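Everything below concerns the one structure shown next.
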Amino acid sequence: MPLIEELPVNQPPRASAGWAYVPDTGPIAAQQPSTRGDRKRLAATAAASRNQSATATAKQQKAIQQRLDSLDKENYRDGISVPVPPRKEKVGRKMTSNVRRILTYQRGFAHYLADEEANNPNGITYQLPTLPPAVPGLAKEQNATARSKRRSTVTKGAMTSEAASSDARDATDTSQTKGRKRGRPSSSHKPNIAESNLMDATDTDAARVKPEESQDAEMSNAPTITQAQQESTPVPAQQQQQQSPQPPSYPPEWDHDPLLASSASEVPRMPSDRVMQLLISEPPLTYNAARATPLEPDKQLPSRKFCGVCGYWGKVKCKKCGEWTCGILECWRGHEGVCPMANAF
Amino acid sequence: MARTNPPASRGRSDLPRAAFVLDNGAYSIKAGFAPSDNIPDSEKLQLCDTIPNCIVRSRERKTYVASQIDEITQWSDAAFRRPVESGQLVNWEAQKEIWDYSLFDERTASSKTFIHDPANTLLLYAETPNAMPALQKNADEVIMEEWGFGGYLRAVGPSLNAYNDLHPVFEDAEAPKAQSSLANLPMECLLVIDSGYSYTTITPCFQGKPIQRAIRRLGLGGKHLTNLLKETISIRHFDLHQDTKTVNDIKEDVTFVSRDLKADLEKTWKGNKNWQRPVSPPIADDMDIDQKGSTEDIRVDCVLPDGVTITRAFTRPHDPSAAAARKRKLAATNPDSNEVVMTLGNERFTTPEIVFSPSDIGSQQPGLTDCVIQSLSKLPPLVQATMLANTIVVGGNARIPGFVERLQDELRAKVKSEWSVRVRNMEDPILSTWLGGARFTCNHRSVVEEYAVTKAEYQEHGSNWLLRRFAYSH
Ligand SMILES: [Zn+2]
Ligand SMILES: [Zn+2]
């Protein structure tokens, strides 16, 4: 009764009693992300493993989700309630109705999250507020003096200033050129500062490793404030918030900022104070919009397999349950003893 | 009064001088009064207390609040309740009890955290990034209406780190001396990675303020590492599913982030030829260095608590002798044996590995490095570069050896080689946010006064006003 499925491989698997070695190069390759020039092969492996996983049953997906949920638990057992011990005496304060309501409101995290999603479909929590009259002008004053003192330290440490500006120029130029070539929406609709230049260069190792993906890689799916604001002019305000006419959070002047200009002759520099001040006065994203987003499938490394018994690379797959073991007999026996599908046939 | 004075001095004398800094973490509260004078950081830290932010019910069904849990000796089967769920302060019934116990009740609060007179205290409350507005409003209302603080300022916790003295951290030789006031200014560009109990956040800060559009979150934190280690130990050694505290202790003692996963896995695999090679046979001199390098033992022996003589798990170097192996085997089968030992190998580094490779547990989330890249991609290019050169890691997971180095290695491999990548650890990453807050209230009184609200303002304008105001001023 063979328990291990033999995956189609190039070399004949070496069989022994009841189980087989299945060479699985995925994990070994996967943990060498720095290997240059191996990308194509890695991508191919990734594609292969994706196809494989596409056939994974809904049951397996469910098992993964259950495991992730269990790792997120506070207590191993469900439904445990730990009552708050009663206070022996009240401390002379009279509780306000707000406080009483909040204390007795027993909804959990999921409830609040659902509420927030319903109220803020665009991924931002607040409209850019109209300034409350109480906010004094002090900030600007104070910041202005501080800034003038600090200006010199801005790029210090990032790189030598010479290298810095030339690099930045290169980076900016390449990305903008490519952006245009690829017919990306022009910057007149949104500030393209969101574009990444992190890996964007033609003459570096990084570029060789990731030749194409770099330009687009970093545009996350999370709605930027700009997009969100533009796509839906009448954003439903939060229920409690007063409705008031909202200025657009994205000022059209940004389009004329030298940083964003596409002219190649432009010397790049730190964004103007105005741009930076606008950046730090934007409202927060919603909880969900701030989640890191999964990488595009073709940018994901193949998932690594580990021995379910000892934790070494998984090289042998159990035919019954899909669990991996490392190939030594001890681990296989260990798995046999606990295989959830052992009695399935 | 506010109308008659110029903005810069707008009646701010009505804000209390005394400032209490509160970093209300999911796992622990970091709290204490900021000093009134500018004392050295080491002395400031003496003013901060760390309080467990939980209520625990023991197997004997006795309930322990906050620092009371130090009395627990039988941790097995203990159940936890935490007011902060998924990083968000959700349950005020539990939170109020913990705060009452730790901050407002003279009989139970420690001398550092007892707030005798809230009406004459300004509260600097550090919140998690992307806190939900409905929950922010709850916090504002309870803080202002239940305890009646004379002054209140709610700020995004990670950004307070910009006020720390970061020049030594980045080994900046040009640390300003002549212009010592410069040392107190917030770091102009700072990337703060806060890896806590519930999750890990990435917050780029400019002039001490978060750049909201670029804040990103990886949904993995210390809780997941502890649960994963629990799961692994329960499969391989003993069932410790009900022993959260013990496994958490073990995690803190033994885990590290590998800088070379392949090599470390080889070193800890039973299938390898070198496995359990006795230490005794002498090795030729010329082989010595090589051998040391390749057989350095990652394994440790971990002694579990028995609740009587041993109340906390502890570890010691692995004893590879046959006698020790026999003893361990005996102990595993005989519950009466006096010492319960297990040997941990690759568990030590495959556990925190999931922060860098979440797909190892089947999660679709990107690893921490890609999360950082996603965050930076929302910034102008030169700001990206400056952030990369000024990156700190705070929160409990920053204490895991190798965490900072691995992140730097991976970022280094991903970005242009001309760009400097400097990822640093704070000396005390758990208290770092509190310390930044204390320095902020100490050295930047005028900024505090600009953004804080008084009790009277709250009473006049209400919580919706406050919500919008803090949303703007972050
Ligand atoms: Zn194995
Ligand atoms: Zn199986």
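Order of the sequence lines fixes the chain letters, A, B, ..., with proteins taken first and strands second; residue numbering starts at 1 for each chain. Atom set for the values below is all heavy atoms of this structure, side chains included, hydrogens, waters and symmetry mates excluded. These numbers come from a predicted model, not from an experiment.
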_Residue A:V84 versus chain B: region with a heavy atom under 4.5 Å_ = both
_Under 3.5 Å side-chain donor-acceptor pair for B:E85 and A:Y112_ = no
*Is there a side-chain contact between B:H241 and A:R77, using heavy atoms and a 4.5 Å cut-off?*
no
_So for B:S363, is it side chain, backbone, both, or neither that comes closer than 4.5 Å to the heavy atoms of chain A?_
both
*Working to the nearest 0.5 Å, report the span between CG of A:L68 and NE2 of B:H224.*
8.5 Å
*Highest number of heavy-atom pairs under 4.5 Å with chain B: which of A:C331, A:C307, A:A110, A:P85?*
A:P85
*Should B:Q374 and A:L295 be marked as a side-chain contact (heavy atoms from CB on, under 4.5 Å) after you check the CA-CA gap, both sets of side-chain angles, and the distance that decides it?*
CA-CA 10 Å; B:Q374 281 185 16; A:L295 300 182; 4.1 Å; yes
*Could B:R81 and A:E74 be called an ion pair, given the rule that one side-chain N must be under 4.0 Å from one carboxylate O?*
no
*Between A:I80 and B:R57, is any pair of side-chain heavy atoms under 4.5 Å apart?*
yes
*Step through the shown structure and confirm whether more than 12 heavy atoms of other residues, nucleotides or ligands are within 6.0 Å of CZ on B:F80.*
yes
*Compare all side-chain heavy atoms of A:L279 with those of B:K209 and state whether any distance is below 4.5 angstrom.*
no
*Hey, what do you get for CG (A:L103) to CH2 (B:W92), rounding to the nearest 0.5 Å?*
8.5 Å
_Donor-acceptor pair between A:R304 and B:S359 side chains, under 3.5 angstrom_ = no
*What part of B:D77 is in contact with chain A, defined as an atom under 4.5 angstrom from a non-hydrogen atom: side chain, backbone, both or neither?*
side chain
_N/O donor-acceptor pair under 3.5 Å between A:N98 side chain and B:E141 backbone_ = no
_Distance in Å, A:L329 CG paired with B:K270 NZ, rounded so as to fall on 0.5 Å steps_ = 12.0 Å
*Any Lys/Arg nitrogen of B:D360 or A:K305 sitting under 4.0 Å from an Asp/Glu carboxylate oxygen of the other?*
no
*asked:* What part of A:D72 gets within 4.5 angstrom of chain B, counting heavy atoms only: side chain, backbone, both, or neither?
replied: both
*Checking heavy atoms, do the side chain of B:Y101, its backbone, both or neither come under 4.5 Å from chain A?*
both
*asked:* Heavy-atom pairs under 4.5 Å with chain A: which of B:I215, B:T232, B:L135 has the most?
replied: B:L135
*Has the side chain of B:N91 got a donor or acceptor atom that lies under 3.5 Å from a matching backbone atom of A:G108?*
no
_For B:A78, which atoms come within 4.5 Å of any heavy atom of chain A: side chain, backbone, both, or neither?_
backbone
_Best-contacting candidate, A:G311, A:S81, A:S70, against chain B by heavy atom pairs under 4.5 angstrom_ = A:G311
*Taking side chain as C-beta onward, heavy atoms only, is B:E93 less than 4.5 Å from A:T104?*
no
_Which of B:P366, B:S463, B:S357, B:C205 touches chain A most, by non-hydrogen pairs under 4.5 Å_ = B:P366
*Give the C-alpha distance, both sets of side-chain angles, the deciding distance and a yes or no for side-chain contact (heavy atoms from CB on, under 4.5 Å) between B:R216 and A:L285.*
CA-CA 9 Å; B:R216 286 297 176 273; A:L285 305 183; 3.4 Å; yes
*Counting distance only, does the side-chain N/O of B:N130 pair as donor-acceptor with the main-chain N or O of A:Y287 below 3.5 Å?*
no
*Can you find a heavy atom in the side chain of B:E146 that is under 4.5 Å from one in the side chain of A:T96?*
no
*asked:* Let's go through A:F306 and B:N346 carefully: what are the C-alpha distance in whole Å and the side-chain angles of both, what is the deciding distance for side-chain contact (heavy atoms from CB on, under 4.5 Å) to 0.1 Å, and is it a yes or a no?
replied: CA-CA 11 Å; A:F306 296 92; B:N346 60 33; over 6 Å; no
*Contact origin within B:I361 toward chain A - heavy atom pairs under 4.5 Å*: both
*So, do B:E145 and A:M95 sit near enough that their side-chain heavy atoms are less than 4.5 Å apart?*
no
_Interface residue of largest heavy-atom contact number with chain B, from A:V338, A:T286, A:V99, under 4.5 Å_ = A:V99
*Looking at A:R87 and B:D105, does any basic side-chain N land under 4.0 Å from a carboxylate oxygen?*
yes
*Spacing of CD belonging to B:Q207 relative to CD1 belonging to A:I280, to within rounding of 0.5 Å*: 5.5 Å
*Side chain, backbone, both or neither of A:Q65 within contact of chain B (heavy atoms, under 4.5 Å)*: neither
*Side chains of A:M276 and B:I211: does their closest heavy-atom pair fall under 4.5 Å?*
yes
*Just how far is it from atom CD1 of A:I102 to atom CD of B:Q95, taken to the nearest 0.5 Å?*
12.5 Å
*Could you tell me whether the side chain of B:V383 reaches within less than 4.5 Å of the side chain of A:P271, counting heavy atoms only?*
yes
*Has the side chain of B:K223 got a donor or acceptor atom that lies under 3.5 Å from a matching backbone atom of A:K73?*
no
_Rounded distance [0.5 Å steps], CG in A:L71 versus NZ in B:K230_ = 10.0 Å
